[in-house]
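Take a look at the structure set out below.
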Amino acid sequence: MNTALVATGAVPSRPGTRPSTLAERLVLRAGLAFGWSRTTRHSLSREELVVLHERRREAEHLREANFRDVTFARLF
């Protein structure tokens, strides 16, 4: 599913984060398509870097858990 086209109200948000608007997501995807990045416009603040690091660590843990679950399921 293309998450850039999902309405803001339909996307569950985690406490402490605000859901981005549809326009922000579309601009971000357009920028990625042209090879732009957020860091070319401005450097990330410390808080943004902390949030990004936490999301990457959470994603890593979820990938590891999923790998263990799939490996275990395939064994039996």
Side-chain angles (χ1 to χ4, degrees):
M1 177 166 75
N2 189 350
T3 57
L5 300 177
V6 175
T8 305
V11 178
S13 63
R14 295 188 337 214
T17 62
R18 70 168 185 84
S20 60
T21 63
L22 178 62
E24 288 174 346
R25 289 186 296 217
L26 290 175
V27 168
L28 177 63
R29 285 189 180 246
L32 292 175
F34 288 115
W36 303 331
S37 70
R38 284 187 74 188
T39 56
T40 58
R41 289 184 284 148
H42 69 284
S43 59
L44 298 174
S45 69
R46 180 163 176 77
E47 292 80 20
E48 290 173 319
L49 290 173
V50 168
V51 169
L52 184 61
H53 178 70
E54 289 172 357
R55 287 184 181 173
R56 286 181 176 160
R57 294 212 31 171
E58 182 180 348
E60 181 182 354
H61 290 298
L62 290 173
R63 280 192 302 271
E64 290 173 0
N66 186 40
F67 177 77
R68 283 191 306 268
D69 292 344
V70 169
T71 303
F72 184 74
R74 287 184 180 173
L75 286 175
F76 295 103

With sequence neighbours left out, write down each residue that passes side-chain contact (heavy atoms from CB on, under 4.5 Å) with L52, or none if nothing qualifies. L44, R56
Which residues pass the side-chain contact (heavy atoms from CB on, under 4.5 Å) test with E64, not counting sequence neighbours? E60, H61, R68
Verify, without hydrogens or angle tests, whether E54 (side chain) and V51 (backbone) share a donor-acceptor contact under 3.5 angstrom. no
Sequence neighbours excluded, the answer for ring pair (Phe, Tyr, Trp, His ring centres under 6.0 Å) partners of F67 is none
Can you list the other members of the hydrophobic cluster that holds L75, where links are side-chain heavy atoms under 4.5 angstrom apart? F72, F76
